[in-house]
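Just so it is clear, the model here is predicted, and its values are computed rather than measured. Counting begins at 1 with the first residue of the sequence. The figures here come from the full heavy-atom set of this structure, side chains too, leaving out hydrogens, waters and symmetry mates.
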Amino acid sequence: MNPWLMIFLGWASMATVMGLLWLIQRRTGDAGIVDVAWGMGVGLLSLFFVWGSNEGDLTRRIVIAALALVWSLRLSAYIFWRVLTMAEDGRYQTLKQDWGSAAQFKLFWFFQFQAIGSLLFALPMLIAARGTSPLGLYDYAGVVIWLIAILGELIADWQLARFRANPEHQGKVCREGFWKYSRHPNYFFEWLHWWAYVCLAISAPWGWLTIIGPLLMLHFILNVTGIPPTEAQALKSRGDKYRDYQRTTSAFFPWPPKMKQVTT
């Protein structure tokens with residue numbers, strides 16, 4: 001199938017889905033469903049792109065489809081569980097407060113922006129799936145990176161969930177496991193995961209373009225929808241405890257924590 005046609009159909013489908021979900025969130029009052037749809041959208045678009053790239057190496061296409069789908073199902077299921085069992089993400093509560101009476105109008109375009117985001121982050125799979133060479137060293141390295149990243153994110157999510165489940169930790173900051181070395185290890189492993197597709201696409205035509213994926217993800221995590229709103233909410237709920245965590249612990253890349261300064 002023509003890749004430009006696939007891209008157009010992918011965007012149109014996601015724009016429609018996000019429009020419907022915007023209507024649903026107006027009734028439920030929880031905008032967190034957009035995160036579920038974003039992750040699942042990347043996975044489903046990846047399957048569509050792999051299916052339509054029938055000129056690519058079959059084994060390569062199967063591997064790419066499997067990795068993208070498993071990642072998508074894991075992330076979407078985890079976020080969906082949070083939407084069902086927890087209050088609306090503090091990021092969206094803050095956005096609604098800041099936007100005031102224009103909140104729903106701006107949320108509509110926010111949802112549409114997420115539709116474009118799903119498409120952009122599925123494009124590396126389209127490029128990789130069109131590669132015709134058999135799997136090689138870079139492809140196996142990509143699979144290893146994927147496994148490390150997914151396992152790391154699973155462990156980080158589990159460590160945080162276990163910490164929060166303890167009533168004695170109410171209002172405290174998790175410094176257990178990976179959270180001792182990074183304030184956002186889940187974001188770090190999520191970012192690391194996108195390098196897997198760079199390795200898988202490196203031998204395909206225009207494969208070098210896939211580096212835009214992890215670079216774009218890093219920008220969003222560090223400057224837009226990741227760390228800034230998450231930490232703003234953490235400061236509201238945990239105050240000085242979180243400020244101390246900020247002073248001693250790396251924001252993103254895992255690194256040994258700084259020693260606390262002793263004042264006399």
Side-chain angles (χ1 to χ4, degrees), residues 6-7 10 13-14 17-18 21 32-53 56 59-83 89 114-131 135 138-161 178 182 184-202 204 207 209-221 225-226 252 254:
M6 286 193 288
I7 291 171
S13 299
M14 284 306 302
V17 168
M18 288 298 187
L21 290 177
I33 194 171
V34 71
D35 295 325
V36 181
W38 179 87
M40 185 56 65
V42 174
L44 294 178
L45 287 176
S46 297
L47 289 183
F48 174 57
F49 290 158
V50 168
W51 169 80
S53 302
T59 304
R60 177 182 301 279
R61 291 163 59 205
I62 292 173
V63 169
I64 293 167
L67 297 185
L69 186 60
V70 171
W71 166 83
S72 172
L73 289 172
R74 190 215 72 83
L75 180 64
S76 298
Y78 175 70
I79 298 176
F80 188 56
W81 171 77
R82 288 177 54 185
V83 170
D89 192 311
Q114 296 301 310
I116 297 174
S118 291
L119 175 65
L120 289 176
F121 283 103
L123 288 180
M125 273 59 85
L126 173 61
I127 295 174
R130 298 177 71 82
L135 294 179
Y138 285 116
D139 303 296
Y140 296 129
V143 174
V144 171
I145 290 172
W146 186 93
L147 288 170
I148 293 172
I150 296 299
L151 181 61
E153 196 167 2
L154 278 169
I155 293 173
D157 287 341
W158 172 74
Q159 289 170 339
L160 182 61
F178 290 141
S182 170
H184 303 279
N186 51 342
Y187 286 159
F188 169 77
F189 286 113
E190 174 62 26
W191 170 76
L192 180 64
H193 145 266
W194 290 98
W195 285 100
Y197 306 116
V198 176
C199 293
L200 286 161
I202 229 167
L209 281 174
T210 57
I211 198 173
I212 295 173
L215 295 179
L216 192 61
M217 177 60 72
L218 185 64
H219 169 68
F220 279 111
I221 289 174
T225 59
F252 183 66

So how far is it from Leu126 CG to Leu119 CG, rounded to the nearest 0.5 Å?
-> 9.0 Å
Counting distance only, does the side-chain N/O of Ser182 pair as donor-acceptor with the main-chain N or O of Phe252 below 3.5 Å?
-> yes
So, do Val63 and Asp139 sit near enough that their side-chain heavy atoms are less than 4.5 Å apart?
-> no
Please identify each residue that fulfils side-chain contact (heavy atoms from CB on, under 4.5 Å) with Val198, with sequence neighbours left out.
-> Trp195, Thr210, Pro214
Taking only residues two or more places apart in sequence or in another chain, which ones pass side-chain contact (heavy atoms from CB on, under 4.5 Å) with Leu154?
-> Arg74, Ile150
Considering the options Trp38, Phe49, Trp71, which one meets the ring-ring contact (aromatic ring centres under 6.0 Å, His included) requirement together with Phe121?
-> Trp38
Provide the closest heavy-atom pair for Ser76 versus Gly39 in the form atom of the first, atom of the second, distance.
-> OG-C, 3.4 Å
To the nearest 0.5 Å, atom OG1 of Thr225 lies from atom OH of Tyr187 at 7.0 Å
Looking only at heavy atoms, what is the nearest atom pair of Ser46 and Met125, with distance?
-> OG-CE, 3.3 Å
Could you give the distance from CD (Gln114) to CG (Asp35), rounded to the nearest 0.5 Å?
-> 6.5 Å
Any Ile145 side-chain heavy atom under 4.5 Å of Cys199 side chain = yes
Distance from His219 atom NE2 to Leu215 atom CG, nearest 0.5 Å?
-> 11.0 Å
Could you tell me whether the side chains of Glu153 and Trp158 share a donor-acceptor contact shorter than 3.5 Å?
-> no
Pairing residues for Tyr197 by the ring-ring contact (aromatic ring centres under 6.0 Å, His included) criterion, not counting sequence neighbours = His193, Trp194
Not counting sequence neighbours, which residues clear side-chain contact (heavy atoms from CB on, under 4.5 Å) with Arg61? List them please.
-> Val50, Asn54, Leu58, Ala129
Keeping the roles fixed (side chain from Ser72, backbone from Ala68), state whether a donor-acceptor pair exists under 3.5 Å.
-> no
Taking all non-hydrogen atoms of both residues into account, name the closest pair between Ala65 and Leu47 and its distance.
-> CB-CD2, 3.7 Å
Step by step, would you call Ser53 with Met6 a side chain to side chain contact (heavy atoms under 4.5 Å, CB included)?
-> CA-CA 9 Å; Ser53 302; Met6 286 193 288; 4.0 Å; yes
From the list Leu151, Leu192, Leu200, Leu67, side chain to side chain contact (heavy atoms under 4.5 Å, CB included) with Trp146 holds only for Leu67
Give a yes or no on whether the ring-centroid distance for Phe178 and Phe188 is below 6.0 angstrom.
-> no
Who pairs with Phe80 by ring-ring contact (aromatic ring centres under 6.0 Å, His included), at least two apart in sequence or on another chain?
-> none
Any chance you could measure Ser118, atom OG, to Met40, atom CE, to the nearest 0.5 Å?
-> 11.0 Å
Atom pair CG/CG of Leu120 and Leu45 - distance to nearest 0.5 Å = 10.5 Å
Residues passing the side-chain contact (heavy atoms from CB on, under 4.5 Å) test with Leu21, sequence neighbours excluded, are Val17, Met18, Ile24, Ile33, Ala37, Phe111
